[in-house]
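Contents: one structure, followed by commentary.
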Amino acid sequence: MEKAYELVVYDVADRESAIAARESIKAVLSTFPGYLGWTTLAAADGSAKLADMVTWRSLEEAKSAAKKFESDPAFAPFMAHVAGINLMGHFSEV
């Protein structure tokens with residue numbers, strides 16, 4: 001089974017608040033089937049742009065988690081910090 005990487009690049013209203021809110025949902029996301037890890041990157045220029053890379057055991061589990069993320073109210077407080085999504089996609093290693 002090939003790992004899947006979910007990459008989301010997004011703008012936030014306040015970078016530090018968004019990073020703090022992210023921590024509260026990390027525990028919830030880690031209970032989803034196939035979850036392997038989550039890395040957050042902040043724009044090097046100091047802007048309010050973040051990128052999350054979540055690693056999943058398979059593409060099917062990544063897609064299933066993305067659907068749950070959209071509808072699970074546990075993620076609403078974090079999503080309130082998101083001003084816009086620039087990229088959201090699933091990738092595999094080459």
Side-chain angles (χ1 to χ4, degrees):
M1 193 174 317
E2 186 175 337
K3 287 183 193 173
Y5 299 88
E6 183 174 88
L7 181 62
V8 184
V9 179
Y10 54 100
D11 297 310
V12 294
D14 178 88
R15 186 162 94 169
E16 297 308 315
S17 295
I19 291 170
R22 171 199 167 278
E23 288 302 316
S24 68
I25 64 166
K26 191 173 182 180
V28 176
L29 193 65
S30 70
T31 67
F32 285 19
Y35 173 87
L36 297 175
W38 183 354
T39 301
T40 297
L41 306 170
D45 64 4
S47 66
K49 187 177 294 295
L50 298 173
D52 288 335
M53 185 172 68
V54 184
T55 307
W56 298 95
R57 189 172 38 221
S58 70
L59 179 59
E60 293 76 24
E61 289 166 317
K63 287 181 177 181
S64 176
K67 286 181 184 176
K68 288 180 189 176
F69 189 97
E70 292 173 6
S71 61
D72 191 325
F75 297 103
F78 170 72
M79 289 305 294
H81 292 277
V82 177
I85 296 176
N86 305 120
L87 169 78
M88 191 287 185
H90 294 104
F91 300 84
S92 59
E93 290 184 41
V94 292

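The figures here come from the full heavy-atom set of this structure, side chains too, leaving out hydrogens, waters and symmetry mates.
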Other than I85, what residues sit in its cluster of Ile, Leu, Val, Met, Phe, Trp and Tyr side chains whose heavy atoms are under 4.5 Å apart, directly or through others?
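Joined to I85, directly or through intermediates: V8, Y10, V12, I19, I25, V28, L29, F32, Y35, W38, L50, V54, W56, F69, F75, F78, M79, V82, M88.
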Heavy-atom closest pair, residues A43 and R15
O-NH1, 3.0 Å
Would you name the heavy atoms of A4 and A62 that are closest together and state the gap between them?
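Looking at all heavy atoms of both residues, the closest pair is CB-CB, 4.1 Å.
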Report the C-alpha separation of F91 and E6 in whole Å, then their side-chain angles, then the decisive distance to 0.1 Å, and conclude whether the side chain to side chain contact (heavy atoms under 4.5 Å, CB included) test is met.
CA-CA 6 Å; F91 300 84; E6 183 174 88; over 6 Å; no
Does S17 reach the main-chain N or O of D14 with its side chain, forming a donor-acceptor pair under 3.5 Å?
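Here the side-chain-to-backbone pair does not exist.
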Who pairs with S64 by side chain to side chain contact (heavy atoms under 4.5 Å, CB included), at least two apart in sequence or on another chain?
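Once residues adjacent in sequence are excluded, the partners of S64 under the side chain to side chain contact (heavy atoms under 4.5 Å, CB included) criterion are K68.
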Return yes when atom CD of E93 has more than 12 non-hydrogen atoms of other residues, nucleotides or ligands closer than 6.0 Å, and no otherwise.
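No, not enclosed.
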Under 6.0 Å from the NZ atom of K63, do we count more than 12 heavy atoms belonging to anything else shown?
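No, because the 6.0 Å sphere around NZ of K63 holds 12 heavy atoms or fewer from other groups.
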Kindly state each residue pair satisfying salt bridge (Lys or Arg N to Asp or Glu O under 4.0 Å) with at least one member in residues 42-59, sequence neighbours excluded.
D11-K49, R57-E61
Do L41 and M53 have side chains that approach each other closer than 4.5 Å (heavy atoms only, starting at C-beta)?
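With C-beta onward as the side chain, the pair stays apart.
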If I take atom CG from residue L59 and atom CD from residue E2, how far apart are they, to the nearest 0.5 angstrom?
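Spacing of CG (L59) from CD (E2) equals 9.0 Å.
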